[in-house]
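In what follows, chains carry the letters A, B, and so on, assigned in the order in which the sequence lines appear, proteins first and then strands, with residues in each chain numbered from 1.
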Amino acid sequence: MSITAFKSIARYVVSIFVIGVFIFPIAWFALTSIKPISAVFNKDRVVVFDFKPTFENYKVTVLGAFKSDTQSNSTVLMGTSGKGAYDGRGAIMSSLIIAICSTFLATTISLLAAYALSRLSFRGAQGYMHWILSQRFLPPIAIIIPLVFIFRDLGLRDTHLGIIIAHTLINIPIALLILKSFFDDVPIEVDQAAMIDGATRFQCFYMVVLPMIKGGVAATAVLCFIFSWTEFLLSLFLTNSIRTVPVKITTFVTSTGSEWGYISALGTAAIIPGFIFILLVQNHLVRGLTMGAIKD
Amino acid sequence: MASVKITNLDKAYGSVRVLHQLNLQVDDGKFVVLLGPSGCGKSTLLRMIAGLESVGGGDILFDDVRVNSVHAKDRNIAMVFQNYALYAHMTVRKNMAFSMRLNKTDKKTMDEKVNWASSILGLDDYLDRLPKELSGGQRQRVAMGRAIVRDPDVFLFDEPLSNLDAKLRVQMRTEIKDLHQRLKTTTIYVTHDQIEAMTMADEVVVMRGGYIEQSGTPMEIYDNPNNLFVAQFIGSPTMNILECQVVEDNGTNYASIDNTRFALPANRDLNVGQSVYYGIRPEHFNVSKQSSSDDNNALTGVVKVVEPTGPETHVYLTLAGQELCAITRDRLELRPGDEVQLQPDLSQVHVFDGDSKNVI
């Protein structure tokens, strides 16, 4: 066997292995969501494919059917809970509202701030950047107690607006950092050319530089969305009745056992909005949008 | 179109002064080149004229109107940058029409102007392409098109050809000059390339360290440099400079180095023992293979390197321990190691003071 053939086979083996490592948990999770409880909890062997698929878990968590209505088909009974306790629709809606709003806010605020930090010189600009970055040095758990009190006093606790603000604030430093580096990649002469052409500073930003970094904006929005969509700690502490998907899923771990079927069903369903969001923006996730502006 | 006048212009970044009390007059319709090495302040000066840098002190006047605090967008200037600075997300057409779009020109006028500019610049076939689909030269033409559609009072060019390859640079040089002759717009052009300056300018302004060293027509500057810096900066191959002492022999002054004597032009105010720089351009030597006994100013050098360029041959040689360059249009068939005779053209010899380095 020639070395090139060996290399090419090795490349495939390694890539399949790496993909497998990342795909397996998700695939197993998704598989669990359509297994009957008997297949999930088979003591004798691991059931991989030889089970009769059921969509009961989705009916309960995503379509809002009551658990008691669907249990007639199950062979193993788990603990009972209040009607609608496993309905994930409200949580998905809350998560969507929070993720979309906080992504929009964090990206918009960071865009304006990043442009200013990249283009305008003002006293303390450098220190300002460090200060913003330092906001991410602390683990969120360290600020959670004061944050709970502040949000309670402001009447923001257990409101959508509260979590939107919390997620926006957490996302701004990282979004700002990413967007600033994209702005920095656009040569300042482009702004100056636009200004000489008669553009105001805002027209410069809006009509010239922003379209040139829209790939970066899309990437930043994806990161903000994913953070907000998967964020657990702040949502847990800042809410009681409003539940985001990650927090909702933890309530499926009950005193009488963990509802693995529901956990995996809502978890699998929760992948979908993020996936759709990324599909929508991925057209813009292409590099080299600034190509041609300057001599490369 | 406008004239540009600069009086006592100063600029400092923190404690570093980059421009010192500059005075400059650019007449309406003239093509002026700011020439100097990196860091001489020429780009800063251009950017101050554009309104992209604040004025430290002094005044900038367009048609005798002070524009120090007028915003760049209101100065009615157009600028072409070294790196083109095109709007990458817009087609060539949109790039060129951008300024007209901002001041809400009607579509018909916009199309007319874009078509006019693209036909001048040979961009007709590329109007709907994005900048990334163009070559370097085409991009630079788009940048120029963007400038000319505005019908500006003043054109500013900031080293626009530095990023192009040698052949294209020569071609674009001619195009820019041709464009200026057609449009007759006042133009200020920054470059560190003295060939560009010589070939394009009505007037060359040589700068160094934030000062203007000399300004004048290209030939004035070439033929009569004010000081050693200008003499060496202009001309390629550069002027031969020899550090000499003035000696006297039979009532005649000579510049002497290593016991070799160079004849000096008459009527120069020189003292015996004074240290001077003796300067002569390579083409002002007469190179011959045989010694001509009738000229006692002739010098003998040993050929080191011969560079034929076609119309002329550059001969690098050693004379009195110094390296010199001479240019001849004769086909002498010289080889390294050959001895040659050099006769300097005395009317073309420049003498600079050893201390002040100014011309004597």
Side-chain angles (χ1 to χ4, degrees), chain A residues 111 115-116 118-127 179 181-221 281 283-296, chain B residues 47 49-54 71-92 94-105 129-140 142-143 146-147 149-150 152 154-156 158 160-165:
Chain A
L111 265 174
Y115 182 77
S118 170
R119 290 296 195 261
L120 310 177
S121 54
F122 51 90
R123 200 177 289 267
Q126 191 61 35
L179 288 172
S181 77
F182 276 96
F183 277 124
D184 287 346
D185 283 349
V186 179
I188 196 154
E189 283 86 355
V190 172
D191 296 53
Q192 293 171 341
M195 275 195 254
I196 286 174
D197 270 351
T200 61
R201 177 61 80 173
F202 188 74
Q203 283 173 322
C204 230
F205 164 75
Y206 183 72
M207 296 171 83
V208 175
V209 186
L210 187 58
M212 285 169 80
I213 64 151
K214 63 181 181 182
V217 179
T220 311
V281 297
N283 280 342
H284 303 290
L285 281 177
V286 285
R287 285 197 61 82
L289 275 172
T290 54
M291 254 179 73
I294 56 162
K295 168 88 178 178
D296 305 305
Chain B
R47 294 166 55 79
I49 295 170
L52 299 171
E53 298 273 354
S54 61
H71 194 274
K73 73 185 174 67
D74 301 318
R75 290 195 187 189
N76 197 26
I77 43 152
M79 187 157 169
V80 177
F81 293 87
Q82 181 177 358
N83 59 10
Y84 321 143
L86 298 180
Y87 313 131
H89 59 294
M90 296 183 197
T91 59
V92 169
K94 285 184 175 165
N95 261 281
M96 291 208 259
F98 185 67
S99 60
M100 294 185 278
R101 201 174 122 206
L102 287 173
N103 61 28
K104 304 198 167 52
T105 311
R129 291 208 195 166
L130 287 172
K132 67 177 170 193
E133 296 161 332
L134 302 177
S135 70
Q138 288 164 340
R139 285 182 205 175
Q140 192 53 278
V142 176
R146 197 169 61 179
V149 293
R150 302 195 46 215
V154 184
F155 263 134
L156 305 175
D158 190 3
L161 307 183
S162 307
N163 282 346
L164 302 177
D165 63 57

Problem set entry | Region of B:L102 that comes under 4.5 Å of a non-hydrogen atom in chain A | side chain

Exercise. Looking just at side-chain N and O atoms, do B:R146 and B:Y84 make a donor-acceptor pair shorter than 3.5 Å?
Worked result: no

Exercise. Between B:R101 and chain A, which part of the residue has a heavy atom less than 4.5 Å away: side chain, backbone, both or neither?
Worked result: side chain

Problem set entry | Max heavy-atom pair count under 4.5 Å with chain A, selected residue of B:R150, B:M79, B:M100 | B:R150

Problem set entry | Winner by heavy-atom pair count (cut-off under 4.5 Å) against chain A, out of B:P152, B:S99, B:G51 | B:S99

Exercise. At a heavy-atom separation under 4.5 Å, does A:Q203 approach chain B through its side chain, its backbone, both, or neither?
Worked result: side chain

Exercise. Have B:R129 and B:Q138 got a donor and an acceptor in their side chains that come within less than 3.5 Å?
Worked result: no

Exercise. Hey, does A:F183 have a side-chain heavy atom less than 4.5 Å from the side chain of A:L111?
Worked result: yes

Problem set entry | A:V208 and A:M195, any side-chain heavy atoms less than 4.5 Å apart | no

Problem set entry | Main-chain N/O of B:P160 paired to B:Q140 side chain as donor or acceptor, under 3.5 Å | yes

